[in-house]
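In what follows, every heavy atom counts, from backbone to side chain, and hydrogens, waters and symmetry copies are set aside.
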Amino acid sequence: MSLTRRDFTRSSAITGAGVALAGSVGALATAPNALAATETETAETASEQGGHHHGVGYGPLIPDPDGILALPAGFRYEIITYSGRTRLESGEFTPSNHDGTAAFEGRRGTTLLVNNHELAGPRAQWPHPVPLAEGLVYDPAAAGGCTVVEVRRGGEVAEWVGIAGTATNCAGGSTPWGTWLTCEETEDKAGKNGFTKDHGYVFEVDPEDRRANRDPRPVKAFGRYAHEAVVIDPKRGHAYLTEDASGPNGLFYRWVPPTGFRHGRGKLRTLADDAGVLQAFKCFDSGGRYVDDLSRATRTGTVYGVDWVDVPDRDARTVSVRKQFTDGQVTRARKLEGMWWADGGAYVVSSYARKESPVQHDGQVWFYDPGRRTLTLKVLLGVNPDPAADGAFDGPDNITVSPYGGLVIAEDGEGVQHLFGATESGRTYPIARNELNIGTPEEPEYSEFTGVTFSPDGRTLFANIQTPGIMLAITGPWKRQRR
């Protein structure tokens with residue numbers, strides 16, 4: 001049933017101008033960023049206190065003598081995989097360009113991680129592509145895919161191919177039944193870059209059952225476009241998907257399963273190409289006015305009503321999906337990126353907006369409530385005037401909900417790159433800083449963080465430095481964050 005603008009306007013008046021916050025994360029301050037309460041502390045002070053910190057967050061970040069990861073006092077990291085250095089079970093080097101990641105509880109106390117490798121274009125241009133493991137290849141001309149990383153109780157690590165021959169595997173999402181959905185952020189068709197098959201699909205990878213990953217098949221029912229992330233509503237069975245695209249800006253999608261369909265391991269590959277209904281979102285404000293772009297929201301707590309519009313041609317045979325809609329039919333947003341399902345809904349990131357958008361910003365996080373069919377702005381980062389300076393955050397990308405309260409966000413902005421947290425009331429604090437300079441001393445460059453996710457027991461935060469491709473395990477005195 002469609003939620004009409006009149007219905008939303010009426011419900012907004014009842015709830016108080018529509019500002020009824022959902023989920024567990026509060027509104028973040030703006031312009032350009034809300035710094036943690038610990039900003040005046042020094043690394044020396046924190047070290048003298050033995051890593052104990054009583055405010056928001058964990059205190060200032062202490063430079064790493066090894067030049068990889070700055071962390072608060074009392075925290076440590078371990079390198080799990082490193083492209084070009086660590087090796088797979090089959091002998092090849094770990095592939096590069098780590099991206100979206102999820103952690104699963106394995107057998108006998110192990111943790112299984114599925115790790116995307118965002119490798120675009122011709123396979124020959126990458127020194128460390130995902131190996132073309134027998135039976136696990138979709139398109140032998142493509143360099144991307146996923147590896148499965150097993151971390152054992154004693155610290156031993158094993159890694160193998162989950163899927164190969166896919167392209168630009170960016171984010172994705174875990175499923176309620178314990179598998180990983182990897183997303184291709186491309187629209188390349190067969191013939192481009194030497195590809196032998198069309199790309200721009202979602203694939204399912206099972207971290208436990210290697211046999212289930214043989215003969216990879218795209219979930220064409222989810223559509224073909226520049227996929228970024230996907231989450232599954234465990235109650236309704238709907239899939240929500242983001243698109244990272246511009247010219248025009250990308251869309252937020254919902255897939256409604258066909259009547260009688262039941263999710264589960266291996267079920268998605270049984271779907272017909274046109275199974276269910278793929279839809280794009282259309283927003284309107286509490287006054288019933290159509291919203292053309294999410295960047296229009298300039299205050300946290302903004303609530304939009306959401307309606308859903310059917311996609312005409314989900315496989316984009318002649319026209320890209322986002323270009324199949326005219327102005328006024330859908331709502332758009334630049335850099336729709338990571339998602340995470342929690343609190344009965346989906347947290348959705350828009351990484352930034354520039355001149356292609358009505359209003360510029362350096363990051364938004366929204367919460368979609370499927371029951372109320374509302375989208376609430378939880379995080380808004382104003383344009384960062386000095387990305388090279390440490391302290392301010394910009395360009396949120398991959399995201400997870402912390403077992404200690406609030407959000408943990410991977411930064412993909414300009415200049416300095418962080419993992420940072422946001423409390424339920426909106427205070428931010430640093431967790432880590434990338435210190436691996438892949439540029440020069442005169443012009444330093446730091447790769448984005450990706451794949452932020454906690455272990456099933458909540459004790460370890462896994463994250464990646466995308467270039468060259470390093471998976472890290474961060475441990476320390478985690479604590480419940482104050483509001």
Side-chain angles (χ1 to χ4, degrees), residues 25 28 33-36 38-39 43 46 51 53 56-64 66-80 98-103 113 115-116 171 229 337-340 347 349 351 362-363 365 379 381 384 387 389-423 427-438 446-455 458-467 469-479 481:
V25 179
L28 243 135
N33 202 277
L35 296 181
T38 60
E39 61 182 302
H53 175 73
V56 172
Y58 301 97
L61 304 179
I62 299 174
D64 178 10
D66 292 329
I68 295 178
L69 196 68
L71 293 169
F75 282 78
R76 63 188 299 269
Y77 70 87
E78 292 184 10
I79 294 175
I80 303 300
H98 295 27
D99 211 291
T101 306
L113 300 112
N115 185 203
N116 278 359
E337 297 270 5
M339 285 196 293
W340 196 269
Y347 290 94
V349 172
S351 193
D362 254 339
V365 180
V379 175
L381 303 179
N384 187 352
D390 194 15
F393 307 129
D394 58 72
D397 195 323
N398 288 179
I399 188 172
T400 190
V401 171
S402 171
Y404 304 96
L407 299 171
V408 176
I409 300 169
E411 198 174 15
D412 178 16
E414 300 177 12
V416 182
Q417 305 290 340
H418 300 89
L419 297 175
F420 67 96
T423 69
R427 306 182 72 183
T428 63
Y429 57 92
I431 296 174
R433 181 179 63 243
N434 179 9
E435 296 198 327
L436 182 60
N437 182 8
I438 57 175
Y446 301 95
S447 174
E448 67 180 280
F449 279 108
T450 63
V452 59
T453 186
F454 277 91
S455 60
R459 296 178 180 178
T460 303
L461 177 64
F462 294 98
N464 307 314
I465 295 175
Q466 186 174 71
T467 304
I470 305 173
M471 178 183 287
L472 302 157
I474 302 170
T475 54
W478 302 110
K479 65 177 182 178
Q481 290 299 319

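- Using a 4.5 Å cut-off on side-chain heavy atoms (C-beta onward), Leu472 and Ile79 make contact.
- Using a 4.5 Å cut-off on side-chain heavy atoms (C-beta onward), Leu61 and Pro72 make contact.
- Residues passing the salt bridge (charged side-chain N to carboxylate O under 4.0 Å, His left out) test with Glu78, sequence neighbours excluded: Arg76.
- For Gln417, there are no side-chain hydrogen bond (donor to acceptor under 3.5 Å, both in side chains) partners, not counting sequence neighbours.
- For the atom pair CG of Asn384 and CG of Asp394, the computed distance is 4.5 Å after rounding to the nearest 0.5 Å.
- Remark: the backbone N or O of Ile68 is not paired with any side-chain donor or acceptor of Asp66 at under 3.5 angstrom.
- Residues Tyr77 and Leu71 form a side-chain contact, since some pair of their non-hydrogen atoms from C-beta on lies under 4.5 Å apart.
- Residues forming a side-chain hydrogen bond (donor to acceptor under 3.5 Å, both in side chains) with Thr467 (at least two apart in sequence, or on another chain): none.
- With sequence neighbours excluded, the residues satisfying side-chain contact (heavy atoms from CB on, under 4.5 Å) with Ala103 are Thr111, Leu113, Thr453, Pro456.
- The side-chain heavy atoms of Glu337 and Pro396, taken from C-beta on, include no pair separated by under 4.5 Å.
- Under the 3.5 Å distance criterion, the side-chain polar atoms of Asp64 are matched with a main-chain donor or acceptor of Leu69.
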Checklist entry - How far apart are the C-alpha atoms of Ser351 and Asp397, what are their side-chain angles, what is the distance that settles it, and do they pass the side chain to side chain donor-acceptor pair (under 3.5 Å) test? => result CA-CA 6 Å; Ser351 193; Asp397 195 323; 5.2 Å; no

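- With sequence neighbours excluded, the residues forming a side-chain contact (heavy atoms from CB on, under 4.5 Å) with Asp99 are Asn116, Glu118, Cys170, Asn398, Thr450, Gln466, listed by chain and number.
- Counting heavy atoms from C-beta on, the side chains of Leu407 and Phe420 never come closer than 4.5 Å.
- Judged by distance alone, the side chains of Asn434 and Ser447 never bring a donor and an acceptor atom under 3.5 Å apart.
- For the salt bridge (charged side-chain N to carboxylate O under 4.0 Å, His left out) test, no residue two or more places apart in sequence or in another chain qualifies with Glu411.
- Using a 4.5 Å cut-off on side-chain heavy atoms (C-beta onward), Ile474 and Thr460 make no contact.
- Distance CZ/Phe462 to OG1/Thr400: 12.0 Å, rounded to 0.5 Å.
- In this structure, the ring-ring contact (aromatic ring centres under 6.0 Å, His included) partners of Phe75, at least two apart in sequence or on a different chain, are Tyr58, Trp478.
- Every side-chain hydrogen bond (donor to acceptor under 3.5 Å, both in side chains) that Asp362 has, sequence neighbours left out, goes to Arg354.
- The two residues Gly74 and Pro477 make their nearest non-hydrogen contact at O-CD, 3.3 Å.
- Under the side-chain hydrogen bond (donor to acceptor under 3.5 Å, both in side chains) criterion, Asp390 pairs with His418, Arg433, sequence neighbours left out.
- Ile399 is not listed as a side-chain neighbour of Val452, based on a closest heavy-atom distance of 4.5 Å or more.
- Interatomic distance, OG of Ser402 versus CD1 of Ile409, reported as 11.0 Å (0.5 Å rounding).
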Item to check | Chi angles and distances behind the side chain to side chain contact (heavy atoms under 4.5 Å, CB included) call for Ile465, Phe449 | outcome: CA-CA 5 Å; Ile465 295 175; Phe449 279 108; 3.9 Å; yes

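- Between Asn464 and Thr101, some side-chain heavy-atom pair lies under the 4.5 Å cut-off.
- To the nearest 0.5 angstrom, Asp412 atom CG is 3.5 Å from Glu448 atom CD.
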Item to check | Derivation of the side chain to side chain contact (heavy atoms under 4.5 Å, CB included) call for His98 and Ile470 | outcome: CA-CA 7 Å; His98 295 27; Ile470 305 173; 5.7 Å; no

